[in-house]
Amino acid sequence: MHSSIWQKSSHSGASNACIEVRRVAGLVELRESDEGHLILRTTPAALAALLDGIKAGEFDQHA
């Protein structure tokens with residue numbers, strides 16, 4: 001991902017119920033497509049650690 005254009009999963013289809021992601025100035029930005037004005041900004045390393053934790057089930061008790 002080397003673009004400042006918002007991207008979403010191809011699994012979302014035409015739905016507006018998805019998370020969009022882009023990379024800007026070395027950071028990663030995330031937003032919900034239906035709440036585009038709210039943007040979460042983080043580092044690639046922090047996002048990778050979060051995704052690894054989700055995949056490993058570290059947050060399952062919070063579901």
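Position 1 is the first residue of the sequence, and the numbers go up from there.
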*Begin from the C-alpha positions of Leu47 and Leu30 and carry the test side-chain contact (heavy atoms from CB on, under 4.5 Å) through to its verdict.*
CA-CA 10 Å; Leu47 180 59; Leu30 302 152; 4.0 Å; yes
*Quick one: does Arg23's side chain get under 4.5 Å of Pro44's, heavy atoms only?*
yes
*When you look at Lys8 and Glu20, which way does the salt bridge (charged side-chain N to carboxylate O under 4.0 Å, His left out) test go after all the steps?*
CA-CA 5 Å; Lys8 67 178 183 174; Glu20 298 176 323; 5.5 Å; no
_Go through it in stages, so that I can follow the logic: the residues are Thr42 and Leu27, the test is side-chain contact (heavy atoms from CB on, under 4.5 Å), and I'd like the CA-CA distance, side-chain angles, deciding distance and then a yes or no._
CA-CA 6 Å; Thr42 189; Leu27 298 173; over 6 Å; no
*To the nearest 0.5 angstrom, please state how far the CZ atom of Arg31 sits from the CZ atom of Arg41.*
12.0 Å
*Starting at CD1 of Ile19, measure out to CH2 of Trp6 and round the result to the nearest 0.5 Å.*
10.0 Å
_If you compare all heavy atoms of Ile5 against all heavy atoms of Arg22, which two are closest, and at what distance to 0.1 Å?_
O-CB, 3.5 Å
